[in-house]
Chemist: 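First the structure, then my questions, so here it is.
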Amino acid sequence: MPELPEVETVMRGLALRLEGRRIRAAALLRGDLRRAIPSGLAARLTGSTVIGFRRRGKYILMRLAGGDSLLIHLGMSGRMAIRLQGPAEMDREKHEHLILETDEGWRIGLIDPRRFGLLDLMPTAAEDAHVLLRDMGPEPLDEAFTVAVLSEALRGRRTPIKAALLDQRIVAGLGNIYVSEALFRAGISPRRLAGSVPGVRAQRLVPAIKATLGEAIAAGGSSLRDYVQPDGELGYFQHAWKVYGRAGMACERCPGPPGCAGVKRIVQAGRSTFFCPRTQL
DNA sequence: AGAAGGCCCTGCGTGC
DNA sequence: TGCACGCAGGGCCTTC
């Protein structure tokens, strides 16, 4: 589930309870997520003070006093559960892999049934050199992500634009949902070869990506109010997709039949893509 | 070099 | 109610 906007929302929710706080206890309940978790991770977290957070693509970096950063990736099914620690709530939830307890008594759990997520520890000074981060493309919401930058990355590519935008080396943080949504917004077919996008289409695509992500983050931010409550679940929030998951339904740009049969679902590289064949060319 | 496909893992909805 | 199947928002590895 978590793409850039969800990861951003989760990070902000974590910051609410962890920034400036001391981790009173940390327990690693399962060490085999996508990658093996460093054995000393729980010990390093215990007693540490959290000084800040950063997001890079779909990764969260939690910075500790003393110069280390905890890398968190939620995979496809990861979420964070935040609640006040109570005497009857010591038990772990199913698929809960890491539990942190703050000096204020908040209990923060990482839950990931499919275990496609990961945790790692690194020096804060070397965050960007981490093997999982070093080849990542620009942050789409940064000013540095421009039409020229995206065009250069796409030029000559003979893969569908859908696949190119999922490639984290081209742009960081987009996943299957927001790629479909951004391409719909830009009026570009997901099947179009990436190399044909530079030009007028890239001029539509870059602002479409920024707006799509920006609106989703705003929706997540408004849902953050709920996380302030003691039983907050970070990771999911209500958001209305325009094409994702809407196969057969009319898109907002079309009048419906007979002019248009509605949103179409196709499979590209084994994954679902949703688009409007009439307005995305 | 770059792209397509298989695979990792568990849960859920659907149809029989 | 049970069971088989397909599908799921990520990313890595192998193959071609």
Side-chain angles (χ1 to χ4, degrees), chain A residues 1-11 29-37 55-60 71-80 92-97 110-120 130-137 140 152-184 190-197 209 212-213 215-217 219-220 223 233-248 263 265-275:
Chain A
M1 130 326 127
E3 300 182 32
L4 188 155
E6 291 79 17
V7 174
E8 177 72 25
T9 301
V10 169
M11 184 194 72
L29 304 167
R30 177 145 194 174
D32 58 333
L33 301 188
R34 196 172 89 218
R35 289 161 56 108
I37 296 170
R55 182 190 53 72
R56 180 76 175 101
K58 300 170 193 170
Y59 291 87
I60 293 169
L71 182 71
I72 305 171
H73 192 284
L74 298 172
M76 254 164 88
S77 58
R79 66 185 204 272
M80 308 291 304
R92 58 179 289 194
E93 283 191 44
K94 199 176 181 186
H95 303 304
E96 194 160 38
H97 307 310
L110 166 68
I111 300 156
D112 182 10
R114 291 173 76 178
R115 288 190 282 121
F116 286 178
L118 66 85
L119 298 169
D120 202 2
H130 191 278
V131 64
L132 295 170
L133 304 182
R134 66 184 182 202
D135 296 324
M136 203 168 279
E152 187 53 38
L154 297 178
R155 197 157 283 134
R157 289 241 177 186
R158 298 194 50 77
T159 195
I161 185 65
K162 158 77 187 297
L165 293 178
L166 280 178
D167 186 338
Q168 303 296 295
R169 293 169 298 187
I170 290 181
V171 56
L174 291 177
N176 210 36
I177 292 179
Y178 292 103
V179 166
S180 277
E181 294 293 311
L183 288 172
F184 171 74
R191 294 193 274 216
R192 171 173 288 280
L193 292 187
S196 72
V197 168
I209 290 170
T212 300
L213 296 175
E215 288 175 11
I217 289 173
S223 76
E233 281 264 324
L234 289 174
Y236 296 84
F237 56 83
Q238 298 294 319
H239 195 61
W241 321 122
K242 294 186 186 298
V243 287
Y244 187 85
R246 295 177 57 85
V263 175
R265 173 185 180 270
I266 60 174
V267 175
Q268 293 179 290
R271 311 191 70 188
S272 294
T273 303
F274 297 88
F275 72 113

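None of the values given here were measured: they were computed from a predicted structure.
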Chemist: Quick one: A:R79 CZ to C:dA8 C1', roughly how many Å, whole number?
Modeler: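 My rounded result for the distance is 15 Å.
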Chemist: Checking the side chain of A:E3 only, and the main-chain atoms of A:K58 only, is there a donor and an acceptor separated by less than 3.5 Å?
Modeler: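 Such a contact is absent between A:E3 side chain and A:K58 backbone.
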Chemist: Write down the distance separating the P atoms in C:dC7 and B:dG5, rounded off to the nearest Å.
Modeler: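 Nearest-Å result for C:dC7 against B:dG5 at atom P: 15 Å.
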Chemist: Working to the nearest 0.5 angstrom, can you tell me the gap between A:R56 CZ and A:L132 CG?
Modeler: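 CG of A:L132 is found 12.0 Å from CZ of A:R56.
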Chemist: Out of A:F274, A:Y178, A:F184, which residue meets the ring pair (Phe, Tyr, Trp, His ring centres under 6.0 Å) rule with A:W241?
Modeler: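 When ring pair (Phe, Tyr, Trp, His ring centres under 6.0 Å) is applied between A:W241 and each of A:F274, A:Y178, A:F184, only A:Y178 qualifies.
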Chemist: Does atom CZ (A:R155) have a neighbourhood of more than 12 heavy atoms from anything else shown, all under 6.0 Å?
Modeler: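 Check passes, neighbour count above 12.
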Chemist: Please give, in whole Å, the distance from C:dG10 C1' to A:Y178 OH?
Modeler: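 To the nearest whole Å, that distance equals 15 Å.
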Chemist: What is the distance, rounded to the nearest whole Å, between atom CG of A:L118 and atom P of C:dG11?
Modeler: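 A:L118 atom CG is separated from C:dG11 atom P by 9 Å.
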Chemist: Please determine if A:E93 and A:R79 form a salt bridge, counting it only when a charged side-chain N lies under 4.0 Å from a carboxylate O.
Modeler: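 Answer for the salt bridge query: yes.
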Chemist: Between A:R115 and A:D32 (side chain of the first, backbone of the second, donor and acceptor by atom type, cut-off under 3.5 Å), is there such a pair?
Modeler: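 A pair under 3.5 Å: yes.
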Chemist: Between the protein and nucleotides 10-13 of chain B, which nitrogen or oxygen pairs come in under 3.5 angstrom?
Modeler:
residue	atom	partner	partner atom	Å
B:dT10	OP1	A:R115	NH2	3.1
B:dT10	O3'	A:H95	NE2	3.0
B:dG11	OP1	A:K94	NZ	3.2
B:dG11	OP1	A:H95	NE2	2.4

Chemist: I want to check something: taking the side chain as every heavy atom from C-beta on, are A:M136 and A:Y59 in contact at a cut-off of under 4.5 Å?
Modeler: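 A:M136 reaches A:Y59 side chain to side chain.
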Chemist: Considering only the P atoms, how many Å lie between B:dC9 and C:dC3, rounded to the nearest integer?
Modeler: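 It comes out at 23 Å once rounded to the nearest Å.
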Chemist: Verify the contact: side-chain N or O of A:S272 to OP1 or OP2 of C:dC7, cut-off strictly under 4.0 Å; return yes or no.
Modeler: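 False: A:S272 side-chain N/O out of range (4.0 Å or more) of C:dC7 OP1/OP2.
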Chemist: Of the nucleotides C:dC12, C:dG9, C:dG11, which one has an atom closest to the side chain of A:L132?
Modeler: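 Among C:dC12, C:dG9, C:dG11, the one nearest the side chain of A:L132 is C:dC12.
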Chemist: Give a yes-or-no answer on whether the side chains of A:E181 and A:T212 include a donor-acceptor pair shorter than 3.5 Å.
Modeler: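 Result is no, nothing qualifies.
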Chemist: What dot-bracket string describes DNA chain C from 5' to 3', counting Watson-Crick and G-U wobble pairs whose defining distances are under 3.5 Å, with [ ] for crossing pairs and | for pairs to another strand?
Modeler: .|||||||.|||||||
Chemist: Side-chain N or O of A:H73 versus OP1/OP2 of C:dG11: is the shortest distance under 4.0 Å?
Modeler: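 So the side-chain polar atoms of A:H73 do come within 4.0 Å of the phosphate oxygens OP1 or OP2 of C:dG11, strictly under.
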Chemist: Examine distances only and state if a side-chain atom of A:Q268 and a backbone atom of A:P190 form a donor-acceptor pair shorter than 3.5 Å.
Modeler: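 Yes; judged by distance alone, with no hydrogens or angles, the pair exists.
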Chemist: Return the residues of residues 155-176 of chain A meeting this criterion: a heavy atom under 4.0 Å from some atom of DNA chain C. Order them by number, or give none.
Modeler: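 The answer is A:Q168, A:G175, A:N176.
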Chemist: Strictly distance-based, threshold 3.5 Å: is any side-chain N or O of A:Q168 a donor or acceptor partner for the main-chain N or O of A:G173?
Modeler: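 Checking the backbone N and O of A:G173 against the side chain of A:Q168, a donor-acceptor pair under 3.5 Å is found.
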Chemist: Could you give the CZ-to-C1' distance, from A:R271 to B:dG6, as a whole number of Å?
Modeler: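 Result: 14 Å.
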Chemist: Could you check how far CG of A:L154 sits from C1' of B:dA3, rounded to whole Å?
Modeler: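 Atom CG in A:L154 sits about 15 Å away from atom C1' in B:dA3.
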Chemist: Between A:K58 (NZ) and C:dG9 (C1'), how many Å, whole number?
Modeler: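 Distance, rounded to whole Å: 8 Å.
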Chemist: Is a side-chain N or O of A:R169 found less than 3.5 angstrom from the main chain of A:V171, in a donor-acceptor match?
Modeler: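 Not at all, since once roles are kept as given, no pair shorter than 3.5 Å links the two residues.
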Chemist: To the nearest angstrom, how far is A:I177 atom CD1 from C:dA8 atom P?
Modeler: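 Distance check: A:I177 CD1 to C:dA8 P gives 11 Å.
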Chemist: Using a cut-off of 4.0 Å on non-hydrogen atoms, how would the nucleic acid contact of A:R265 be classed: base, sugar-phosphate, or nothing?
Modeler: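 Sugar-phosphate contact only - A:R265 comes under 4.0 Å of backbone atoms but never of a base.
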Chemist: Expressed as a whole number of angstroms, how long is the span from A:D135:CG to C:dG11:C1'?
Modeler: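 For the pair A:D135 CG and C:dG11 C1', the rounded distance is 13 Å.
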Chemist: So A:M76 and A:D112, side chain to side chain contact (heavy atoms under 4.5 Å, CB included) or not? Walk me through it.
Modeler: CA-CA 8 Å; A:M76 254 164 88; A:D112 182 10; over 6 Å; no
